[in-house]
Amino acid sequence: MIGFDAILMSFAAALHYESIAIILGGVLLGYIVGVIPGLNRAVAIAIAIPLTFYMSAYAAIAFLIGLSKGTAAGSAVSAILLNTPGEPSSAATCLDGYPMARSGRPRKALKVGLLASVIGDLLSTLLLIAVVIPFASVALKFGPYELAAILIFALVFIAGMAGGSFLKGLAAGGMGVILGTVGLDPETGAARLTFGYAELMEGVPILPLVIGTLALAEMFVQLDEYRRNKGASVIKLSKDKEDDLSYQEFKGTLPTIFKSTGIGAFVGALPGLGPSVGAFMAYGLAKRSAKDPDSFGKGNPNGIAAAEASDNAVIPASYIPLFGLGIPGSVSAALLVGAFMIHGIQVGPLMLRDHPEMLFTLFSGMIVASMLMLAVGWYGLRIFAKVTSVPPHIVIPVVIFLCLAGIQVQGYGTFGLVTVFAFALFGYFLKKFDYSFVTFLVAFIVTPMLEMNLRQSVILSGGDIAILLDRPIALAFVVFTVLMALHLGWSSYRQWLRKRLKAPSS
Amino acid sequence: MNFWSGLGVAAVAVLLLAWIVPTYGGRGFAVGMHPRTLATLGAWVMLVCASVLSLLSAIVLIRQRQPFFRLPEPGHLWHQTWPFLFVLGFIVLVDRFPLTWVAPFLIGSLLVILGERRWYVVVLTAVIPAAGLYGLTAHLMRIGVV
């Protein structure tokens, strides 16, 4: 186990000026991306991964984490000033943020959003640090049976919880599993689904996959929706003293911020739920428990505080299953796994054993990122308010260019360009027909680990399923998986039946 | 929408199970799991879920007396298709010429198509990213013009 000196060293490394500069770059870029409507966290990380190829592993991950945190905080700006959330999870912020800004208090609304974001993010990061070490220590004792059972459980859970239809979620998971098996079989050396392409021998390259399905596909969707967003107008910031946030006003939002952070951290720790669920749950609870629920939706600062604290708390908490078990619970966590893979590091409980300094330096970097978020957001308020005016018809062509540039810079050539286009079509299909993208991506990422553990389980047990009786944790997860699949299937069926009964009969 | 997407996914799953996985899924003796097992399992999950989705959607469509086929308007179809064709066209160009040279045309033409008419906005937006890429690849990374 890592000692106290090593923890201090990791903090010193995170506080080095080079490290701060990299994290600051990530936070700043994330803020700008978050502020621009139409660009989201996943698009930003997908495009930024090629930039991190030439950084050290720590610098790359710290930059991406900074970027991820920055987008979450920045998305509140466009939600408040433009009534267009930079991220889907900021939709709850629009409910009170925009009315408050329209009533002549835009600066106050932005500052409440910023402070709630930073507090939610910081507390959730501290929770991650406190929880993940004991979690990973226990996970290190798991064998292939337990890990295989947990991975299958996580996939079914994500398919059911990621929103939309459970059937579509499972089907998307199936697609991810198939793509995850492409490449040389680790046991027999047989080429699987490579169709003779040497480029596929090591599996489907992750960069064209994420850039195509996330960034390029999103731009196609944006082009499709461009006509609808043409008429949005931005609220300008005034220099009115009345519009400043007083300490008393901020103090009034603190209980809501703490409660919402708890909700966000809980939702984030469960794989698949995502920040939108957390933000709306926290908003709903804040409204229900308020003395004046009618003021919600009309510019109540507690509405902004609830949505933003929870939204930002989800992100660090979603790294609990990632660092604790190696299971990415969200799209951004799955993309981080890709970035770790590119730098030759296996993310999960093994990090605690093999790269403990790296893990602690990352945690320290996350705290630094939270602090930088506050500084960037506080002093850059006016600049970011201006960035919201960048129209989507300028953003879309530049992002399409960045997608192609990311592929070309990495030397994927024609194969990469064709792959990125094919995955853009695939991603567009997933988005348009509402197939769970997070289930697809998580299934694709965890399939090699799932296959290795399943294979080891089959070899060790000799094909005898009764061995599970000697492995209570694995057995429990198998039972949970079956019960969850039955429950989700039954709920979906009842939902369908209700819709059918409501519909006009023949 | 669910009916047709389910049918499409089920058709792909059938193709995978009947031809692609058995032919290209890998061969050889394995002590534990066969190389094709997981891919086959994934395809079965796709097939079962997509078939059930299609079936349930078909029941709803029949009950609500809604048509199974609803052709989109040609204008709407074109609006959805042209971005793909546009990017595909530029991918063909990028395959033949460096992206750095093609980029200003890619960005500039898309800006004009999307309604931007201020020449200085078009020129600056088209040139600055391409110049940035040139500086990055030719001078910082020293991998030449891509």
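Values below: every heavy atom of this structure, side chains too, minus hydrogens, waters and symmetry copies. We name chains A, B, ... by the order of the sequence lines, and we start the count at 1 in each one.
Taken from CD1 in B/I20 to CZ in A/F195, the straight-line distance is 5.0 Å, to the nearest 0.5 Å. From B/T40, atom OG1 reaches atom CD1 of A/I178 across 8.5 Å, with rounding to the nearest 0.5 Å. How far CZ of A/F220 is from CH2 of B/W82: 9.5 Å, rounded to the nearest 0.5 Å. The CZ atom of B/F84 lies 6.5 Å from the CZ atom of A/F421; values are rounded to the nearest 0.5 Å. With values rounded to the nearest 0.5 angstrom, A/L167 atom CG is found 6.5 Å from B/L56 atom CG.
Proximity to chain B is absent for every atom of A/L460, based on heavy atoms less than 4.5 angstrom apart. Looking at A/E451, the atoms closer than 4.5 Å to chain B (heavy atoms on both sides) sit in the backbone and in the side chain alike. Residue contact with chain B, scored on non-hydrogen atoms closer than 4.5 Å, involves the side chain of A/Y435 exclusively. Contact of B/V52 with chain A is made through backbone and side chain together, with heavy-atom distances under 4.5 Å. With a threshold of 4.5 angstrom between heavy atoms, A/S492 does not approach chain B through any atom at all.
Annotation for A/T188 and B/R27: closest pair OG1-O, 4.2 Å, computed over non-hydrogen atoms. B/G26 and A/A190 make their closest contact through CA-CB, 4.0 Å (heavy atoms, listed as atom of the first residue, atom of the second, distance).
Using a 4.5 Å cut-off on side-chain heavy atoms (C-beta onward), A/V177 and B/M46 make no contact.
Interface residues of residues 92-100 of chain B toward chain A, defined by a heavy-atom distance below 4.5 Å and sorted by number: B/V94, B/D95, B/L99. Contacts between residues 400-409 of chain A and chain B, counted as heavy-atom pairs separated by less than 4.5 Å, involve A/I400, A/F401, A/L404, A/A405, A/Q408, A/V409.
Options B/L111, B/V146, B/T125 differ in how many heavy-atom pairs under 4.5 Å they form with chain A, and the most are formed by B/L111. Most heavy-atom pairs under 4.5 Å with chain A, from the set B/I113, B/L53, B/V45, B/V102: that is B/L53. Top candidate by heavy-atom pairs under 4.5 Å with chain A, chosen from B/I59, B/L16, B/L136, is B/I59. Between chain A and the residues B/V9, B/L133, B/L88, B/L41, the largest count of heavy-atom pairs under 4.5 Å involves B/L88. With chain A as partner, the option from B/A130, B/G25, B/A103 having the largest number of non-hydrogen pairs under 4.5 angstrom is B/G25. Taking A/V458, A/L179, A/L193 one by one and counting their heavy-atom pairs under 4.5 Å with chain B, the maximum is reached by A/L193. Note on B/S5, B/P129, B/G115, B/G108: by heavy-atom pairs under 4.5 Å with chain A, the leading option is B/S5.
Proximity of a side-chain donor or acceptor of A/R192 to a complementary backbone N or O of B/R36 within less than 3.5 Å is not detected. In this structure, A/R455 contributes its side chain and B/M33 its backbone to a donor-acceptor pair below 3.5 Å.
Between the side chains of A/T194 and B/Y24, no donor-acceptor pair is found at a separation under 3.5 Å.
Residue A/E202 qualifies as open at atom CD: its count of foreign heavy atoms under 6.0 Å is 12 or below.
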Could you go through the side chain to side chain contact (heavy atoms under 4.5 Å, CB included) check for A/K168 and B/N2 one step at a time?
CA-CA 9 Å; A/K168 286 184 187 175; B/N2 279 348; 2.6 Å; yes
